S.K.: 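Got a structure here, written out as structure tokens. Questions coming.
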Amino acid sequence: MPNEPSVKTLVSEKLMSFLRFSHPLVVQYTAAISQNANSPEEIVDKLLEYGVDGGDAIRSLAADLFLSVSRKAAAQGSNSRRDEVKKNEILARKQRQYRLIVAESDEDKDHDSGTGVAYSSNFATGVVVGEDNNKKKRMATDDREVIRALRKKSRQEYLKKREKEKLQQLDDWIVEGLELSEVERLMYKHNKEILEANKKFSEYVGGSDGGEYRFPEAYDGDGLIDQRRRFGAASKRDTGGFEKLESWEDHQLQKATVKFGSKNRKREADDYQLLFDDSLYKLEGQLLPGKSLDDEITQKLDYVSKKHIGDGRKSLPIYQFKDKLLQMIRDNQVLVIVGETGSGKTTQVPQYLHEAGYTKQGKIICTQPRRVAAMSVAARVAVEMGVKLGHEVGFKIRFEDCTSEKTVVEYMTDGMLLREFSSQPDLKNCSVIMVDEAHERTVSTDIIFSLVKDLARQRSDLKLLISSATLDAEKFSDYFDCAPILEIPGRQYPVDILYKQPVDEILEEAVAATLHIHVTQQPGDILVFLTGQEDIETVEEMLREKVKHYGSKMGELIIHPLFANLPTELQARIFDPIPEKARKVILATNIAETSLTIEGIRYVIDSGLCKLSSYSPRTDMGSLQVTDISKASAMQRAGRAGRTGPGKCIRLYAPDHFQNQMEDNCVPEIQRSDIVSVVLTLKALGINDFKNFDFMDPPSDESMIKALELLYALGALNSKGDLTRIGKLMAEFPLDPKLSRMLIAAEKYGCAEEVMTIAAMLSVDNAIFYSPKNLQAMAENAKKRFEDGDVGDHIALLRVYNSWKETDFSSGWCRENFIQARSMKRARDVRDQLMNLMEKAGIELNSNPNDLDAIKKAIMSGFFPHIGILQGSGSYRILKGLQNVQIHPKSGMARVQPNPRWVVFHELVLTRKEYMRHVSEVKPKWLLEIAPHYYERKELEKFFPRLL
DNA sequence: GAGCACTGC
């Protein structure tokens, strides 16, 4: 066939007619989808998923696409992406094997290379992961050799070319190998094997029979990793935290002999047998001996703490590893540090580096996921170093910069570092970056990973430390080109883990378990992990009732709820001292898993559940769902019982559930959230090729497409996909891009002051109004006053802020009006920050508080994709979408009669139903005025012919 | 007439 149209032409021409509003980058993505599809149906499915519905026409388009793609593939003998994945896997496996081979053969003779001394020297207790330390050390050394060789060949390259490069590198090895050392000879031999294996593999997958390659165990047919099998495979492999956890769990399960059933309990708690007979509470579990520190290390720690009484720094576990750590940092550019809480890594490592002279070359930056952590850690380090906070040691968080020109050790939030990147992409005044709590995988840390990985390749003088709690270490190491792992023990006492298969409702079980511990166990406080406020309040009530019922038969039980929305003064009550013989129970959400450490906890009850936010790019809707926690979380929760002494943890689920149902780690946040602002941030950093951007876990294609489309619609990107002037400006604001766009547009409508307030109020989530159960009617009334005249929720928020401002930001006023002072103060901080940025950007801060239409038009400039039209049924339809939604009952517009026909909304949420949150009425003709590039007159006339 | 896990710029 002459002049066969290229895939790209087909896609852009035909598809563009379906994706009537489509960004060129979206077309690129669509092409990428079709490259990977196995059949026309698959393409159609994908496109339908993305909301492109063109009926038969699109089906024939898909068939065309597929044909041309397969022809092209046949012509070039190219492999699809999944083959690439397989090949990369083979390479990786080969490399791993190769390391083993080198390590083993190394054992036979006295290998005396200069670099080899690095960490095999003089440190008997040095744990570098795994049980056979000597072997591991040597492997780590050789890893470094490999990395050096690889680095030498490929700096500054992305995944796209990776496979090709790897092969090329191997080739180079073989050609160059003239004077070979023993190690090199082995490498040569092995590389040749890899090359041959690859060649065979290519022939195999490229073969005409279309046979499918399958991996022996750990990988499924799609080349994707099956988590469970991977977990099994990982434990059989050489190194890593997987093995550690798994084998430990296995060990415990096998060893378990002591029963902790009703028999024991009766003996221990005869007095209560009437209360706690079998029908009331049955604990089917095993008493597991629990996790304990290595004896040698425990002894050493004890010895050290005795020897250095009064010297806190030296009694920390990490002190034992100081020399080794410095040595490893000296010899490697990237180091993964695994250390549990209490090991002292966050405070000590930067100090060691400072003492070792790293700060002479530049600052040491240490990132934290939380503001409080960044501040408190910096404060402590300042004390330890005997300097004033803000001088040599400082911290930098939003709204608070406590650093100076003198500062050489800087703690900051991860989001802050991301901001720093945009003003100084090479971070040239810094010598070490330590990413702490990396296992939490916040969106910011994930992006920082990619950026620093790249930066490290450009700047060989930059040192990178990735510090994490155990589980992910291997993954981090793999991501950073097989960086060595240094493991530091934490101060962790043994925790016995008991499993309880739930029979009743989980809340009932939690109550029963709490009471069981209370009457049968030694003194010590109890921490119960539940999903949210509602559950916590229910359990609190149930517990109080039980306690009242059994009266003096039971010791006193002091119950404290704990969740983020709880007023701070009530949160602080968990630290109140309690009377002797009483026991404290804390009913907490995830807040107690990471953010808050409570001393004196000896018992943990783990429901195994948590609420997890998720976002669907297809429907643009967010929701909170009760989900199983991950294995990592379960371990973290259990660990909370062993901070001050040996403890116990009751898991309200079966061991089998833990082993087989729970994921190893939670899905990283970046895959669960709206990534528009991430994409804008990356664009602003000059990153254009998202498809090949080296994410540790990439967000879905779908959310990427939606994000690009939105940014294009907002005018942040031009048709080439480059950042526009407006886009650059938008990236400056620490806001959702829709809010930034609205803010920038406000100047034009003469109401920048007002819109600034609204943006600030909207960006402090939904925690402005609160209504206590007993005073609901009053709270409702108070709220209604701001909604007077059915002005819409946006204007109501503006009124709230301005009224508060008139009372000179009074907290008393907040209390009277059922408004959360905490949120208001935050809104004020955000507003101040926005004002500074607006001034810096040269945007005029004009004001027109009475022209509500102008304000709404400014809002629409950012939120024109969020338009709902009233349907006959009383529900609303999203203009550029298919969902039917309703006005959230908490919105002031919900009770307006007749219902407004056209509304703009801030966001969609899925709770009991699909709701629009923060709604205001708008006029349809504004749409044509503000977003003529997005809506066509014809399209709008369909709904409301007369209004246009 | 419903409900807000937790962070961060």
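We name chains A, B, ... by the order of the sequence lines, and we start the count at 1 in each one. Computed from a predicted model, the values in this text were never measured in an experiment.
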S.K.: Base, sugar-phosphate, or nothing: which does A/R917 touch, judged by heavy atoms less than 4.0 Å apart?
M.R.: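 The answer is sugar-phosphate, as A/R917 gets under 4.0 Å only of primed atoms, P, OP1 or OP2.
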S.K.: Could you give the CD-to-C1' distance, from A/E437 to B/dC6, as a whole number of Å?
M.R.: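 Whole-Å distance recorded here is 14 Å.
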S.K.: Check the phosphate of B/dT7 against A/S444, side-chain N and O only, distance under 4.0 Å to OP1 or OP2. Yes or no?
M.R.: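 Looking at the OP1 and OP2 atoms of B/dT7, neither is under 4.0 Å from any side-chain N or O of A/S444.
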S.K.: Anything under 30° is parallel, anything over 60° is perpendicular, the rest tilted; go ahead and classify A/Y653 against A/H657.
M.R.: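 A/Y653 and A/H657: tilted rings.
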S.K.: Between A/L418 (CG) and B/dG8 (P), how many Å, whole number?
M.R.: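 My rounded result for the distance is 15 Å.
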S.K.: In whole angstrom, give the distance that lies between atom CD1 of A/I397 and atom C1' of B/dT7.
M.R.: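 In whole Å, B/dT7 C1' lies 13 Å from A/I397 CD1.
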S.K.: For A/R370 and A/F769, take the nucleotide of DNA chain B holding the closest heavy atom to each; which residue's nucleotide lies nearer the 5' end?
M.R.: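 Result of the comparison: A/F769.
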S.K.: List the atom of A/L455, the atom of A/P425, and the distance in Å for their closest heavy-atom pair.
M.R.: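 Minimum heavy-atom separation between A/L455 and A/P425: CD1-O, 3.8 Å.
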S.K.: What contact category does A/L612 fall into here, base, sugar-phosphate, or nothing, at under 4.0 angstrom with non-hydrogen atoms?
M.R.: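 No contact at all - A/L612 keeps every heavy atom at 4.0 Å or more from the nucleic acid.
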S.K.: Which part of the nucleic acid, if any, lies within reach of A/A564 when heavy atoms closer than 4.0 Å are counted: base, sugar-phosphate only, or nothing?
M.R.: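 Contact class for A/A564: sugar-phosphate only.
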S.K.: Please confirm whether any donor atom in the side chain of A/S613 sits under 3.5 Å from an acceptor in the base of B/dA5, or the reverse.
M.R.: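 Between B/dA5 and A/S613, which were checked side chain against base, a qualifying N/O pair under 3.5 Å is present.
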S.K.: Would A/D436 and A/S467 count as having a side-chain donor-acceptor pair, cut-off 3.5 Å?
M.R.: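 Distance-only check passes for A/D436 and A/S467.
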S.K.: Quick one: A/K890 NZ to B/dA2 P, roughly how many Å, whole number?
M.R.: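 Between P of B/dA2 and NZ of A/K890: 12 Å.
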S.K.: Round to the nearest Å and state the distance from A/E780 atom CD to B/dA2 atom P.
M.R.: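 A/E780 atom CD is separated from B/dA2 atom P by 13 Å.
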S.K.: When the distance from CZ of A/R822 to C1' of B/dC4 is rounded to whole Å, what number comes out?
M.R.: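 For the pair A/R822 CZ and B/dC4 C1', the rounded distance is 12 Å.
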S.K.: Looking at A/R370 and A/E440, is there a salt bridge between them, counting it only when a charged N and a carboxylate O are closer than 4.0 Å?
M.R.: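 Judged by the 4.0 Å cut-off on N to carboxylate O distance, A/E440 and A/R370 do form a salt bridge.
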S.K.: A/E669 has an atom CD; how far is it from atom P of B/dC6, in whole Å?
M.R.: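 The answer, rounded to whole Å, is 14 Å.
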S.K.: Would you kindly give the OH-to-P distance between A/Y915 and B/dC4, to the nearest whole Å?
M.R.: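 Distance check: A/Y915 OH to B/dC4 P gives 11 Å.
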S.K.: Would you say the ring centroid of A/F476 lies under 6.0 angstrom from that of A/F449?
M.R.: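 Yes, ring centres under 6.0 Å apart.
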S.K.: Report the nucleotide, chosen from B/dC9, B/dC6, B/dG1, that has the shortest atom-to-atom distance to any side-chain atom of A/P889.
M.R.: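 Nearest to the side-chain atoms of A/P889, counting from C-beta on, is B/dG1.
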S.K.: When all nucleic acid strands are considered with a 4.0 Å heavy-atom cut-off, which category describes A/T442: base, sugar-phosphate, or nothing?
M.R.: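 No contact at all - A/T442 keeps every heavy atom at 4.0 Å or more from the nucleic acid.
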S.K.: What class does the angle between the rings of A/H794 and A/H918 fall in, given that below 30° is parallel, 30 to 60° is tilted and above 60° is perpendicular?
M.R.: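 Tilted: the ring planes of A/H794 and A/H918 meet at 30° to 60°.
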S.K.: Is the distance from OP1 or OP2 of B/dC9 to the nearest side-chain N or O of A/R371 less than 4.0 Å?
M.R.: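 Result: yes.
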S.K.: Would you indicate what A/Q776 reaches in the nucleic acid, counting non-hydrogen atoms under 4.0 angstrom: base, sugar-phosphate, or nothing?
M.R.: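 The residue A/Q776 makes base contact.
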S.K.: May I ask you to say what A/N565 touches in the nucleic acid, namely base, sugar-phosphate or nothing, with a heavy-atom cut-off under 4.0 Å?
M.R.: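 The answer is base, as A/N565 lies within the cut-off (heavy atoms under 4.0 Å) of a base atom.
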S.K.: Establish, with yes or no, whether the OP1 or OP2 oxygen of B/dT7 is under 4.0 angstrom from a side-chain nitrogen or oxygen of A/R398.
M.R.: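 Result: no.
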S.K.: Side-chain N or O of A/T681 less than 4.0 angstrom from OP1 or OP2 on B/dC9?
M.R.: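 Answer no for this pair, as no side-chain N or O of A/T681 is under 4.0 Å from OP1 or OP2.
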S.K.: Between A/D736 and A/G532, which is nearer to the 5' end of DNA chain B once each is assigned its nearest nucleotide?
M.R.: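 Mapping each residue to its closest nucleotide by heavy atoms, the 5'-most match is A/G532.
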S.K.: Have a look at A/F563 and say if it touches a base, only the backbone sugar-phosphate, or nothing, with a 4.0 Å heavy-atom cut-off.
M.R.: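 Result for A/F563 = sugar-phosphate.
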